[in-house]
Amino acid sequence: MPTLDGRTASTALTDTADTQLGRYAVKANPGDATKSGIYPLASPEEAFAARALLARSAERSLDVQYYIWHGDTSGYLLFEECWNAAERGVRVRLLLDDNNTSGLDEALAALDSHANIEVRLFNPFANRSMRMLGYLTDFGRLNRRMHNKSLTADTQATIVGGRNVGDEYFALGEGMVFADLDVIAVGHVARDVADAFDLYWNSDSAYPAGSIVGQASAGAIADLKAKFAATRSSPEAAHYLDALKRTRLIEALVADELGLEWAATHLVYDEPAKVLGDIPASDLLFTRMQQVLGDAQREIDLISPYFVPGEEGTKALSAYPGRGIKLRVLTNSLAATDVGAVHAGYAKRREELLRNGVHIYELKPDPLQDATQEKSDSKGSVGGSTGGASSGASLHAKTFSIDRSRAFVGSFNFDPRSYNLNTELGVVIDSPKLADSISATLDRDLAQSTYEVLLKDGGGLEWVERTDQGEVRYDKEPKTGFCKRFGVSFMSILPIEWLL
């Protein structure tokens, strides 16, 4: 790896109270500095528009941090928003985990060449053309990734949640579409997100892009602008551009017409040093999240696309029903998941959880059209409309609701990778309105959009699908073939749970 000598430290701009977003944050606050304004982004179209429009509203700074940023339609449209912000004089800092930047080196070099844009790559691969060699020679380091996702404008408003940047996260394309959840947050928590961004930006794992991908070639900027134009004029972009035209989200925000939920909001995140090795358990996001959430008294609704509780987590979750606390878990079915190995780690824990009274539901692989579809103005739904022309849906939201009074929204999956390997970020929100809306969505939609997993009287599992024509029961993972089920069964006996 190259040296970090000569890298310049920078921090979030705080003299932004006189910006449009700054004036709004002061005006809209109900007078309690501990509270932040929250607006859930359930609709994928609205989630894309919120990012683009927040970038357009930035006047001083734009700090962007993502685990995945694809070089597809949504990726280049948002790259262009960053470029345009820089052209207006906005300082743009773009921090991307390097695990998913394959094919983007020239674009990143061109972006980094702009006087007002600085790009850094987190935990990068030294070999750009054959990254798998990096895993062979430096697995211990490269296996740990920055899973955080945030976009912050003028240190006044931020978007955090489960979505990465890519067409599948914003309901465009023919492949899998992810049902997800983000929130816009205004107020003190936006400053907290900016402070967390600074820790990652100035950490020992954040490398200036130029030292990794090289300097931009003579024609790189012209090529990038040509790519912007081609993307903007493509048929695929029409879906996004139409969403931008229709969405008054930021305009409504600064006009105080968005209807933010003002609530005590706590940012929780892992220290960036987590990717360099062991850190104290007290510094882990999961520990901090438990401290802020407190002990549940009545019910827990846990939504996690990659649900691998492990031995200790299974024991902890199994204890809740014994204390009279109703626990519902929503995760992906085998037919809906995009990572079969993760399902293997989860499947071997199902029976123990069910025997102890945990209720388990698995999302169907069908597009979320009826039960889980929400219109673009929905509040608090998990996933919203899938839109586009997708061939299937997969759960990607990571959220918990505790006693219908507190909620978590962020990047944390209930799996060993999120516990121990990757860094994560999210917000705990003391909002009965938001927490109840998450649980109420499950109340309404679970019967139609999921399979309920139950123990059979004679032993083993069954999956119950509830339809307008009545119940359909399966004694095998629904809508899967033998080879897929066999592969998962085989992986479940391998000692790989710690990697999942």
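Checked by atom type, the side-chain pair Asn123/Arg141 shows a donor-acceptor distance below 3.5 Å. Side-chain contact annotation: Glu462 with Tyr474, donor-acceptor N/O pair under 3.5 Å absent. Side chains of Thr247 and Glu46: no donor on one and acceptor on the other come within 3.5 Å. Side chains of Asn29 and Lys35: a donor-acceptor N/O pair is absent below 3.5 angstrom, by distance only. A donor-acceptor pair shorter than 3.5 Å can be found between the side chains of Ser74 and Asp167. Asp301 and Ser439 form a side-chain donor-acceptor contact under 3.5 Å, judged by distance and modelled atom types alone. Side chains of Arg417 and Asn143: a donor on one and an acceptor on the other come within 3.5 Å. A donor-acceptor contact closer than 3.5 angstrom is absent between the side chains of Ser405 and Asp403. With hydrogens and angles left out, the side-chain atoms of Arg444 and Ser449 include no donor and acceptor closer than 3.5 Å.
A donor-acceptor pair is defined here as one N or O able to donate and one able to accept, closer than 3.5 Å; such a pair exists between the side chain of Asp270 and the backbone of Glu424. Listed for the Lys326 side chain is no donor-acceptor partner under 3.5 Å among the backbone atoms of Gly324. The backbone N or O of Ala435 lies less than 3.5 Å from a partner atom in the side chain of Ser401, making a donor-acceptor pair. Side chain of Arg355 to main chain of Ser318: no donor-acceptor pair is present (N/O by atom type, distance under 3.5 Å, no hydrogens or angles). Side chain of Arg56 to main chain of Glu81: no donor-acceptor pair is present (N/O by atom type, distance under 3.5 Å, no hydrogens or angles). Within the 3.5 Å criterion, the main-chain N or O of Val189 finds a donor-acceptor partner in the side chain of Ser36. No donor-acceptor pair under 3.5 Å is formed between the side chain of Thr287 and the backbone N or O of Asp283. Using modelled atom types, no side-chain atom of Ser418 and backbone atom of Asp415 make a donor-acceptor pair closer than 3.5 Å. Proximity of a side-chain donor or acceptor of Ser394 to a complementary backbone N or O of Ala336 within less than 3.5 Å is detected. A donor-acceptor pair is defined here as one N or O able to donate and one able to accept, closer than 3.5 Å; no such pair exists between the side chain of Thr314 and the backbone of Arg349.
Of all heavy-atom pairs spanning Ala171 and Pro44, the tightest one is CB-CG, 3.5 Å.
Screening Phe79, Phe197, Trp69 against Val64 for a side-chain contact (heavy atoms from CB on, under 4.5 Å) leaves a single residue, Trp69.
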Practice item. Determine, step by step, whether Ser411 and Asn148 satisfy the side-chain hydrogen bond (donor to acceptor under 3.5 Å, both in side chains) criterion, reporting the C-alpha distance in whole Å, the side-chain angles of both residues, the deciding distance to 0.1 Å, and the verdict. Key: CA-CA 6 Å; Ser411 67; Asn148 309 31; 5.2 Å; no
Review point. Hey, mind stepping through Met289 and Phe412 against side-chain contact (heavy atoms from CB on, under 4.5 Å) and telling me if it holds?
Key: CA-CA 10 Å; Met289 186 167 58; Phe412 180 86; 4.0 Å; yes
Check your understanding: Can you check ring-ring contact (aromatic ring centres under 6.0 Å, His included) on Tyr269 and Tyr200, steps first, answer last?
Key -> CA-CA 11 Å; Tyr269 58 90; Tyr200 281 82; 7.1 Å; no
Review point. Given Glu362 and Trp463, is the side-chain contact (heavy atoms from CB on, under 4.5 Å) satisfied, shown in steps?
Key: CA-CA 9 Å; Glu362 296 179 356; Trp463 288 257; 3.0 Å; yes
Review point. After noting the C-alpha distance and the side-chain angles of Leu199 and Glu271, does the key distance pass the side-chain contact (heavy atoms from CB on, under 4.5 Å) rule?
Key: CA-CA 8 Å; Leu199 288 178; Glu271 299 285 339; 3.9 Å; yes
Check your understanding: side-chain contact (heavy atoms from CB on, under 4.5 Å) between Asn422 and Asp97: does it pass, once the steps are laid out?
Key -> CA-CA 11 Å; Asn422 292 348; Asp97 184 273; over 6 Å; no
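Taking 4.5 Å as the limit, every side-chain heavy atom of Gln297 sits out of range of all side-chain heavy atoms of Ile325. Proximity of Leu461 to Asp475: side-chain heavy atoms (C-beta onward) are nowhere separated by under 4.5 Å. Contact annotation: the side chain of Val427 never approaches that of Phe408 to less than 4.5 Å [non-hydrogen atoms, C-beta and beyond]. Looking at heavy atoms from C-beta onward, Asn99 lies in side-chain contact with Phe125 at the 4.5 angstrom threshold. At least one side-chain heavy atom of Ile360 sits under 4.5 Å from a side-chain heavy atom of Leu353. Under the 4.5 Å side-chain criterion, counting only non-hydrogen atoms from C-beta, Thr423 is in contact with Val275. Contact check for Arg145 versus Leu421: no side-chain heavy atoms found under the 4.5 Å cut-off. Residues Pro305 and Thr331 fail the side-chain proximity criterion, which asks for heavy atoms closer than 4.5 Å.
In terms of the side-chain hydrogen bond (donor to acceptor under 3.5 Å, both in side chains) criterion, Tyr451 has no residue partners (sequence neighbours excluded). When the salt bridge (Lys or Arg N to Asp or Glu O under 4.0 Å) test is applied to Arg323, no partner is found at least two apart in sequence or on another chain. In terms of the side chain to side chain contact (heavy atoms under 4.5 Å, CB included) criterion, residue partners of Ser150 (sequence neighbours excluded) are, by chain and number, Gln65, Thr158, Val160, Val193. Not counting sequence neighbours, Tyr320 has no partner by the ring-ring contact (aromatic ring centres under 6.0 Å, His included) test. For His70, the side-chain hydrogen bond (donor to acceptor under 3.5 Å, both in side chains) partners two or more places apart in sequence, or in a different chain, are Glu168. Every residue meeting the side-chain hydrogen bond (donor to acceptor under 3.5 Å, both in side chains) condition with Lys479, not counting sequence neighbours, appears here in chain and number order: Asp366. Take Arg191 and apply the salt bridge (Lys or Arg N to Asp or Glu O under 4.0 Å) test, not counting sequence neighbours, and it matches Asp195. Qualifying side chain to side chain contact (heavy atoms under 4.5 Å, CB included) partners for Phe486, counting only residues two or more places apart in sequence or in other chains: Phe482. Scored by the side-chain hydrogen bond (donor to acceptor under 3.5 Å, both in side chains) test, Trp262 finds no partners at all (sequence neighbours excluded). Here His396 pairs with Tyr169, Phe178 under the ring-ring contact (aromatic ring centres under 6.0 Å, His included) rule; sequence neighbours left out.
Evaluation of the ring-ring contact (aromatic ring centres under 6.0 Å, His included) test over residues 287-317, restricted to residues two or more places apart or in two chains, returns Phe307-Tyr346, Phe307-Phe414. For residues 428-441, the set of pairs meeting the salt bridge (Lys or Arg N to Asp or Glu O under 4.0 Å) definition, not counting sequence neighbours, comprises Arg404-Asp436.
Ring geometry for Phe139 against Tyr135 counts as tilted: the plane angle lies between 30° and 60°, on a 0 to 90° scale.
Annotation for Glu471: atom CD counts as buried by contact number, over 12 foreign heavy atoms lying within 6.0 Å. Heavy-atom neighbours of Lys245 NZ from other residues, nucleotides or ligands within 6.0 Å: at or below the threshold of 12.
Once rounded to the nearest 0.5 Å, the distance linking CG of Leu330 with CG of Asp445 reads 10.0 Å.
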